[in-house]
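Excluded from the calculations below are hydrogen atoms, water molecules and symmetry mates; all remaining heavy atoms, backbone and side chain alike, are included. Computed from a prediction, not measured in an experiment: that's the story for all the values here.
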Amino acid sequence: MIETKRKLLLELAASKPLNASTCLLTFRIESDVAASCRPGQFFNFRPLDSTAPLLRRPISICDARPDAAHSDAGEIDFLVKIVGEGTRLLAVQAPGTTVDVVGPLGNPFTPDPTRPSLLIAGGVGVAPLHFLARSLPAHGGGDAPITFCYGARTQRDFVLLDRIERATSDLILATEDGSLGHKGLVTEIAEPFLADGTQIFVCGPSPMMNAMLPLLRERGLTAQLSLENQMGCGVGACQGCVVPGRQGHIRVCCDGPVVSSEDLESVFSD
């Protein structure tokens with residue numbers, strides 16, 4: 001595990017609604033902390049300075065800019081989908097508010113910038129993969145192609161499409177209702193790109209990622225999966241986020257969230 005975690009107070013610089021249930025929060029952050037962030041890592045947020053809600057909320061890093069424009073510090077973005085009281089409280093914070101966080105936490109993706117990349121995102125799993133796509137050209141010179149397959153229930157659920165298009169070679173969309181792109185699941189549009197020599201990165205709802213495992217194994221391929229799970233402590237102490245692995249339980253918060261498909265029995269909690 002990469003030990004970079006710090007307890008911080010981040011000032012909210014901007015809050016931008018992206019659709020009815022999702023917003024992009026931009027915080028000011030020390031440049032050295034922003035520079036230490038890696039795609040796949042997350043921060044643990046305390047929505048309020050109180051015990052209600054009790055547990056912190058883990059949120060993946062969507063982007064980090066050590067030298068942000070119009071700022072003497074860095075900036076960091078988080079994509080927040082409102083699914084309960086904790087995320088609702090975060091989404092309604094006003095610019096200038098400070099929020100208590102711990103991070104960056106967890107194991108990141110480990111890409112080879114010289115190899116072609118296939119990124120497969122579902123829902124808000126797009127956040128760490130957007131960060132990864134944006135990081136790859138900077139580290140690899142931009143020569144290796146980046147294919148980004150992104151799935152959602154309906155057209156209204158897509159976010160950050162313009163940013164992803166700028167960071168990738170090819171953006172392919174799927175919606176379950178057929179309102180934009182392929183009608184069907186993101187695994188269907190990703191399947192033709194599953195090939196030897198391509199490094200594969202996946203993040204999305206557990207059923208989607210669980211469906212990827214047999215597709216990979218049928219072809220003798222491996223992928224790096226960023227797991228989504230409820231996390232109580234964020235540092236591996238409470239054992240509340242475990243999933244079954246081939247060599248025992250995997251604690252998503254500290255053994256992951258990025259895990260090799262070879263190590264996974266399932267992405268569902270026991």
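Summarising the geometry, atom NE2 belonging to His130 is positioned 13.0 Å from atom CD1 belonging to Ile61; distances are rounded to the nearest 0.5 Å. Here Thr187 contributes atom OG1 and Met212 contributes atom CE; the two are 7.5 Å apart, rounded to the nearest 0.5 Å.
Taking the six-membered ring where tryptophan is involved, the planes of Phe45 and Phe27 are tilted, since the angle between them lies from 30° to 60°.
Side-chain atoms of Thr22 do not come within 3.5 Å of backbone N or O of Leu18 as any donor-acceptor pair. Although no hydrogens or angles enter the test, the distance criterion places a donor-acceptor pair under 3.5 Å between the side chain of Thr175 and the main chain of Gly178. A donor-acceptor pair is defined here as one N or O able to donate and one able to accept, closer than 3.5 Å; no such pair exists between the side chain of Thr97 and the backbone of Gln93. Under the 3.5 Å distance criterion, the side-chain polar atoms of Ser179 are matched with a main-chain donor or acceptor of Gln155. Within the 3.5 Å criterion, the main-chain N or O of Arg38 finds a donor-acceptor partner in the side chain of Gln41.
Asp77 pairs in a salt bridge (charged side-chain N to carboxylate O under 4.0 Å, His left out) with only one of the listed residues (Arg134, Lys16, Arg65), which is Arg65. For the side-chain contact (heavy atoms from CB on, under 4.5 Å) test with Gln224, the passing option among Ile200, Asn107, Val258, Leu132 is Val258; the others fail.
Heavy-atom contacts from other residues, nucleotides or ligands closer than 6.0 Å to CG of Asp32 number more than 12. At most 12 heavy atoms of other shown residues, nucleotides or ligands fall within 6.0 angstrom of atom CZ in Arg153.
Residues Val124 and Phe148 share a hydrophobic cluster, clusters being chains of Ile/Leu/Val/Met/Phe/Trp/Tyr side chains in contact below 4.5 Å. Note on Ile82: it does not cluster hydrophobically with Leu79, by side-chain heavy-atom contacts below 4.5 Å among ILVMFWY residues. Hydrophobic clustering of Ile, Leu, Val, Met, Phe, Trp and Tyr side chains at less than 4.5 Å, counting indirect connections, unites Leu227 with Leu213. Both Leu161 and Leu136 belong to a common hydrophobic cluster when Ile, Leu, Val, Met, Phe, Trp and Tyr are linked at side-chain heavy-atom distances under 4.5 angstrom. When the side chains of ILVMFWY residues are joined at heavy-atom separations under 4.5 Å, either directly or via intervening members, Leu180 and Ile164 end up in a single hydrophobic cluster.
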Open item on the list: Using side chain to side chain contact (heavy atoms under 4.5 Å, CB included), reason through Phe43 and Leu105 one step at a time and then give a plain yes or no.
Closed with: CA-CA 6 Å; Phe43 277 67; Leu105 297 168; over 6 Å; no

